[in-house]
Structures are given as structure tokens and as C-alpha cells.
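Have a look at the structure below before the remarks.
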Amino acid sequence: MPELPEVETVRRGLAPTFVGGTIASAEARRPDLRFPFPARFVARLTGRRVADLRRRAKYLLADLDSGETLIMHLGMSGSFRVEGAPVGEFYHPRGQPGTHDHVEFAFASGVRVVYNDPRRFGFMDIAETAKLEAHPLFAGLGVEPLGPEFGPGALASVLEGVRAPLKAALLDQRRIAGLGNIYVCEAMHAARLSPLRAAGSLKPAETRRLAQEIRRVLEAAIEAGGSTLRDHRQTDGTLGYFQHAFAVYDREGAACGHCGALILRAVQSGRSTFYCAACQK
DNA sequence: CCGCGATCCTGGGGGC
DNA sequence: TGCCCCCAGGATCGCG
């Protein structure tokens, strides 16, 4: 579920609690999510002050004052919610843990942050902050599409010579990191490029268009609080609303807003691709 | 290098 | 109501 815009939305929602906050206690209610929690997970978090909350691709990174970083990935169905934000002297009462509330952080401020993940494709890890870039999760990650280094040149270089379909290349986190099924479909439609095209066949003008539309679509989605299909919530529980702005995703059979032809659904690498065959060339 | 299918999970929706 | 099958925003792995 969460692609870059959803993760960024979550980061912004958590930042006021995390940044500068101290984790008074932490609880993992099961031994694993997708992977086992790292050794001494709770002990390494307890009492730590959070210096910064960053995002890299679809990962959230909480830098701790211990020199370590808490790495969090939401998988397909992970979400965070913030509870008990202090209002004057009154803190919201602590409720019973809900179904799939797997992790909880209690901050010294009295605010609690709960991680919920029905499918448990998400995971958490802790690693040395200074060595994060060498961590196996990050070593092979591609360019950050909202970063300063991303543009037509960077896009051209990661697509050059690639015979795989454009759709597959854009989903490959080793080339561009952070795009998922929704925003790849939306960006290709906005750039009028067929998902079936060989990735390496784009002409310079097409690469420029695609780079521009990737950035534009992601920024618009962040502005809208992400897309809520089922699970995604902002940390205060409100829904994202970028799904109302989808041009093609999950709109099979509807009319293309650009040319009026019917939007098609195809399957590529086992995943749905939504596109307009009439105007995406 | 490449595409594909299976895999890790739970839950929602549609068809019957 | 209920059951069964298919599908889902991610990501990795092994296969041919």
C-alpha cells in the first residue's frame, strides 16, 4: 500500500512526536513482522532521544542519540497512529491494543505511537547511523525521485539499454527508489508513455517528460495526504485523498480523461497495469 | 539480463 | 449468511 507519498505523509505526521522526543518505553507484541525484530530491540530504543525522522524511498529512519537508527518499512498494510497527544493536562486514555497493533512506542511527552500491520509485510530494524548507506537494505537502492539529483539525466542513465518494459523498470527499486504500482501507472499516463515500451527506447524528450511527471505526480500525492485504497491513514487517522485524482489506477473500463478511450488493465510481472492504449505511446 | 511465478500474510469483495 | 476464490499499495528469490 504505502508508496513514497504515503510514507512521506506518515513521516510528516510522526515528526512532531518523534523529533526531539524521548522514547520512554517500547513494546513489540510479537517476535517478528516480516522478519524477526533485531536483537535487544526494546532495550536499544528505551530512553533514547530521537534526533531526526527521515525518509529514504519507502523507509522511515529515526536517528537516535545512541548513534543508531531505527529503520521502519510499512510493507503493504502497515500504518502508524498517534494517540494520546497531550492537550493541556489531559491525556487521552490508553485503549486496549487493537488487532494487529504489533508495536507501540510511548514517548516521554505522554504521546503513544502505535504500529498496526495486518499482513505483516512491514519490518523494523536498528543499525548504526553512520553506516546506513552500506546497510543491505540501502546499498542497492536507486535514486530518490524527489531528491535534487533526480532529473532527466538521472532517469536516462538508469533506463539506458534496459530492454525490460518501462513499467517493470520504474518499479525496480534499484533504479528509482520509492515508486510503486499506483504512481508508476499514473506517471506513465501523465507522460503519455506506454507501460509496454522497452525502457531503454525512450527518446530524450520522452525521458524529460517522464522525469517531470514522476516528480509532479509524487508531489501532488503528498500534497493530498497520499492515496487511501484500504489501509493507508495519515497518523491522525484521516484518509488520504489522492485516490480521487487517479487518472488510470484502478479505473479499468473508465474513459481516459485525456482522450476519452477506455482505460485498459494488463498484467505485467504478475501485477496490474492500468493505462490508455490510445494516448500512451 | 529478463520475465515469470511463488512466497511471506490477512482481509475485503464478488460470485454462487 | 456462508464459503471459496481472487485480489491487493512490497520486495525477494529461484527458475528457465
Distance check needed: B:dG3 C1' versus A:L166 CG, whole Å only.
16 Å
Polar side-chain contact A:R119-C:dA8 base: donor and acceptor under 3.5 Å
yes
What do you reckon, are the aromatic ring centroids of A:F18 and A:F107 less than 6.0 Å apart?
yes
Think A:H73 has a side-chain N or O under 4.0 angstrom from the OP1 or OP2 of C:dG10?
no
Between C:dG9, B:dG11, B:dC8, which one does the side chain of A:E3 approach most closely?
C:dG9
So among A:E8, A:E6, A:E3, which one has a salt bridge (Lys or Arg N to Asp or Glu O under 4.0 Å) with A:R55?
A:E8
Separation of atom CZ in A:F138 from atom P in C:dT12, rounded to whole Å:
12 Å
Give a yes/no on whether any side-chain N or O of A:H100 is located under 4.0 angstrom from OP1 or OP2 of B:dG11.
yes
What is the distance, to the nearest angstrom, from the CG atom on A:L171 to the P atom on C:dG9?
9 Å
Using a cut-off of strictly less than 4.0 Å, decide whether A:S77 has a side-chain nitrogen or oxygen near OP1 or OP2 of B:dC9.
no
Report the distance from atom CG of A:D117 to atom P of B:dC8, rounded to the nearest whole Å.
16 Å
Which listed nucleotide (C:dG10, C:dA8, B:dC2) is nearest to the side chain of A:R175?
B:dC2
Roughly, in whole Å, what's the span from CZ in A:F35 to P in C:dT12?
8 Å
Figure out the CG/P separation between A:L137 and C:dG10, and round it to whole Å.
16 Å
Between the main-chain N or O of A:D32 and the side-chain N or O of A:R30, is there a donor-acceptor pair closer than 3.5 Å?
yes
Sugar-phosphate only, base, or nothing, as touched by A:G270 at under 4.0 Å among non-hydrogen atoms
nothing
Roughly how far apart, to the nearest Å, are B:dA6 and C:dC5 at atom P?
16 Å
P gap between C:dC7 and B:dC4, integer Å
16 Å
Nearest to the A:T99 side chain among C:dA11, B:dG11, B:dG3, which nucleotide is it?
B:dG11
Let's see if you can work this out: which of B:dG3, C:dA11, B:dG11 has an atom nearest to the side-chain heavy atoms of A:Q173?
C:dA11
Which whole number of Å gives the distance between the P atom of B:dG5 and that of C:dC6?
14 Å
On the nucleotide C:dG9, are OP1 or OP2 found under 4.0 Å from the side-chain N or O atoms that A:R271 carries?
yes
Can any side-chain N or O of A:T129 pair as donor or acceptor with the backbone N or O of A:G67 at less than 3.5 Å?
yes
Phosphate contact (C:dA11 OP1 or OP2) by A:K58 side-chain N/O below 4.0 Å:
yes
Can you check whether any acceptor in the base of B:dC9 is under 3.5 Å from a donor in the side chain of A:R120, or vice versa?
no
Return the stacking result for C:dG10 and A:F121: yes when the ring centres lie under 5.5 Å apart and the planes under 30°, no otherwise.
yes
Is A:R197 paired with A:E206 through a side-chain N to carboxylate O contact shorter than 4.0 Å?
yes
Pairing check on C:dG9: which nucleotide meets the Watson-Crick or G-U wobble criteria with it, both distances under 3.5 Å?
none
A:R265 side chain: which of C:dT12, C:dA8, C:dG9 is closest?
C:dA8
Pair A:E27 + A:R29, salt bridge at N-O below 4.0 Å:
yes
Is any NZ, NE, NH1 or NH2 atom of the basic residue among A:R265 and A:D250 found under 4.0 Å from an Asp or Glu carboxylate oxygen of the other?
no
What is the distance from CG of A:D101 to C1' of B:dT10, rounded to the nearest Å?
15 Å
Starting at CD1 of A:I71 and ending at C1' of C:dG10, how long is that distance when rounded to a whole Å?
17 Å
With heavy atoms under 4.0 Å as the rule, sort A:Y183 into base, sugar-phosphate or nothing.
nothing
For B:dC9, which nucleotide is its Watson-Crick or G-U wobble mate, given both distances must be under 3.5 Å?
none
